[in-house]
2 protein chains.
Amino acid sequence: MAITIIDIAKMCGVGVTTVSRAINNHPDINEETKAMIMQVIKENHYVPNNSARNLKRAASKTIAVLIKGITNAFFNRMIQVFEKEIQTKKYSFILQRVDENQDEIEVAIELVKEKRLKGIVFLGGNFLHPKEKLDQLTVPFVLSTIGMTEEFDPDEYSYVAVDDYKESYKMVDYLCGLGHKQIAIITAPMDDVSIGKLRYEGYKKALEDHGVELNDRLVLCMKEDIESYSMENGYVVTKELLQSEEEFTAIYAVSDSMAIGACKALVEGGKRVPEDYSVAGFDGVDISFYYNPSITTIRQPVEEIAEETIRILFDMIHKKVTHAHKIFPAELIVRESTRLLT
Amino acid sequence: MAITIIDIAKMCGVGVTTVSRAINNHPDINEETKAMIMQVIKENHYVPNNSARNLKRAASKTIAVLIKGITNAFFNRMIQVFEKEIQTKKYSFILQRVDENQDEIEVAIELVKEKRLKGIVFLGGNFLHPKEKLDQLTVPFVLSTIGMTEEFDPDEYSYVAVDDYKESYKMVDYLCGLGHKQIAIITAPMDDVSIGKLRYEGYKKALEDHGVELNDRLVLCMKEDIESYSMENGYVVTKELLQSEEEFTAIYAVSDSMAIGACKALVEGGKRVPEDYSVAGFDGVDISFYYNPSITTIRQPVEEIAEETIRILFDMIHKKVTHAHKIFPAELIVRESTRLLT
DNA sequence: TTGTAGGCGTTATCAT
DNA sequence: ATGATAACGCCTACAA
């Protein structure tokens, strides 16, 4: 049906090997025959079949980035950096989205076989997998911006991220320093084990250190049936808070998007930010700057994280290291959405 | 090296065919042997090699969505719908990002061979390709939310989108009706041939119909070196407008993101929206609702567009039609960012 | 119900 | 510099 390398070989009156050499820029080939072959290929729109290639090839210089869930602004920037860095290393780059309820390891294992991957980057999610399963993953991989809970054995994993616990503490500490004592938090449901949990723990500790007692009614959890960490989630949850008539002076949302949803709910309720309520976010995505008022947030050093991720991955590929880790500091950016309580 | 179907067959003391039958849920197989085989497969973590499968398989029930450029909020929602609809049809779904400076047709052709695709959806971009090239694309495809300029021959393409020209006209007509005469537009550079151009044409026509003369200095083009249609682009361009001291009363940005960037620039310049300047966007993405002030925009019926795209694609796959087109009406949503000029 | 063998399109190993 | 041929791992007639 479709045209193959054999057809091209026949048309050119050469062997398939020669055609293959032409395609793959092998050295052992006469420049003229090569040019001739390429010409015929062009004229006949021959396109090599990747499946056949992958099947035969022992290895290919490609690395895959698996991204869990919906692509968001935060990941978009990282992906750009990944792509650039990987291309610089003369590798090719596959971006694979893995569904929320899909097992990223399964996908990874399959992909390694199919594409003969050299390495993998896992982006987002919580990444809880039995060791037995991970052992099937025969290529180096790095966890990037995945919440690092205690369970993570540094000898088993390579990762680069920020210290969600510490950075979250930093934000709440700042809020307390502003005089806030009734600080609502919007975070993941309590069964979460990833960044949601870590950031919540940071919140708890900061309150404790400032001698303010935790008020359960100010601990707000995202709705499971709404996209997680989304503006809508922050919006809905804040509406409920307002209705509950529980008193508070600040809202700390565990993502910028939710912080924006919170602002919207507040404004719709006739409140002003920051005059009536302070609002803070986390991540430092673009919109936190563009929003009105601009959102006080914790900015993750996205570019650095992405670059370091690739650096570590290639170190592993080249056997320079077996595992490596890097925790980047994040930056508290004070903007218009928070104010000193007087 | 890796474990194959032959290994499994040996371990089970059966032929490869039987193993293959077990894997692929073929009917002609004893339930017990099947169970036994599956057990061995599980124990040994055998994962079939997709390349080999695709190579052999004549056809596979999979359709691919190619998305040009960066994933944005607008596409995210559509992708969700695509995935749902495609799964309902018992097809599998591949999401392939294609780089800004990559040829989507090339990618598509390769993918068809590699994955034995049944159909393709092209999302975004301008899609200008010589007919000769398109003829190599041997499977049905639908263009979704791609600017439909005059060059598009309805007999050659299937597409579903909104009428960018008309909807853009609608917005500017509305702005004029509010009494605005000096309406700046932020759009694509003049060499653009896609939605940027169409929306700009709608703007021109609306001005003309309202008897207001086009002021070149109010036609603002996105910067090529900044991500297109982004908040940053709207922000930078608006800053320049402010500095030029050209008079205007409204800004119409050809995307919601740019409208938000414009708002930010205005606010930073000490102006109020909409008291001092009205601002309008296009697309109707979430953030246009959540922004403060909420943004007057043209809402594209994303879900319907996505659903219709899939419907048409499957009609083509099933040979019910050779080509089909659908233009959806979009909705003018009046919100807080625009006001009557008095 | 089960097994054997040929072929999918390429690349790599040898010869030549 | 070039070509024949054997894999790569799987599926599917066809045979048993």
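Just so we're on the same page: letters track the sequence lines, and every chain starts at 1. The shown structure was predicted, so the numbers you read here are calculated from the model rather than taken from an experiment.
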Short side-chain N/O contact to dC10(D) OP1/OP2 from R53(B), under 4.0 Å: no
Quick check: on DNA chain D, is the nucleotide nearest P27(A) upstream (toward 5') of the one nearest K56(A), or the reverse? Name the residue that is more 5'. P27(A)
Strictly below 4.0 Å: does T17(B) bring a side-chain N or O up to OP1 or OP2 of dG3(C)? no
Is S20(A) close enough to dT11(C) that one of its side-chain N or O atoms is under 4.0 Å from OP1 or OP2 there? yes
What is the distance from CG of N24(A) to C1' of dG9(C), rounded to the nearest Å? 13 Å
dT2(C), OP1 or OP2 - any side-chain N/O from R21(B) closer than 4.0 Å? no
Between D99(B) (side chain) and Q102(B) (backbone), is there a donor-acceptor pair under 3.5 Å? no
Rounded interatomic separation in angstrom, taking CD1 from I5(B) and P from dT2(C): 15 Å
hbond_proxy T4(A) side chain to dT10(C) base (donor-acceptor, 3.5 Å cutoff): no
Does N54(A) have a side-chain nitrogen or oxygen under 4.0 Å from the phosphate oxygens OP1 or OP2 of dC8(D)? no
If I take atom CD1 in residue I29(B) and atom P in nucleotide dT2(C), what distance separates them, rounded to the nearest angstrom? 6 Å
When you match G13(B) and R57(A) each to their closest nucleotide on DNA chain C, which lands nearer the 5' end? G13(B)
Step by step, work out the ring-ring contact (aromatic ring centres under 6.0 Å, His included) result for F127(A) and Y159(A). CA-CA 11 Å; F127(A) 207 81; Y159(A) 50 80; over 10 Å; no
Students often mix this up, so state it plainly: with edges at 30° and 60°, are the rings of F141(A) and F122(A) parallel, tilted or perpendicular? perpendicular
Is there a side-chain polar atom (N or O) of T33(A) under 4.0 Å from OP1 or OP2 of dT2(D)? yes
Let's see if you get this right: which residues in residues 38-49 of chain B place a heavy atom under 4.0 Å from DNA chain C? none
Between S20(B) and V16(B) (side chain of the first, backbone of the second, donor and acceptor by atom type, cut-off under 3.5 Å), is there such a pair? no
Rounded interatomic separation in angstrom, taking CD from E110(A) and P from dG9(D): 16 Å
Among dT2(D), dC11(D), dC8(D), find the nucleotide with the atom closest to the side chain of R116(A). dC8(D)
K326(B) side chain vs I305(B) backbone, donor-acceptor pair below 3.5 Å: no
Starting from P on dC10(D), measure out to CD1 on I6(B) and report it in whole angstrom. 8 Å
For E114(A) and dG9(D), what is the distance between atoms CD and P respectively, to the nearest whole Å? 14 Å
Separation of atom CG in N50(B) from atom P in dC8(D), rounded to whole Å: 19 Å
Could you check whether S92(A) and T62(A), counting side-chain N and O atoms only, form a donor-acceptor pair closer than 3.5 Å? no
Look at all strands and tell whether V14(B) reaches a base, only sugar-phosphate, or nothing, counting heavy atoms closer than 4.0 Å. sugar-phosphate
Round to a whole Å and report the spacing from CG of N25(B) to P of dC11(D). 12 Å
Donor-acceptor contact below 3.5 Å, side chain S194(A) vs main chain G196(A): no
Could you tell me whether the side chain of T4(A) reaches within less than 4.5 Å of the side chain of N49(A), counting heavy atoms only? no
If you check the L55(B) side chain, which of dT1(C), dC8(C), dT2(D) turns out closest? dC8(C)
For a quick test of reading the model: is some side-chain N or O of H26(A) closer than 4.0 Å to OP1 or OP2 of dA1(D)? no
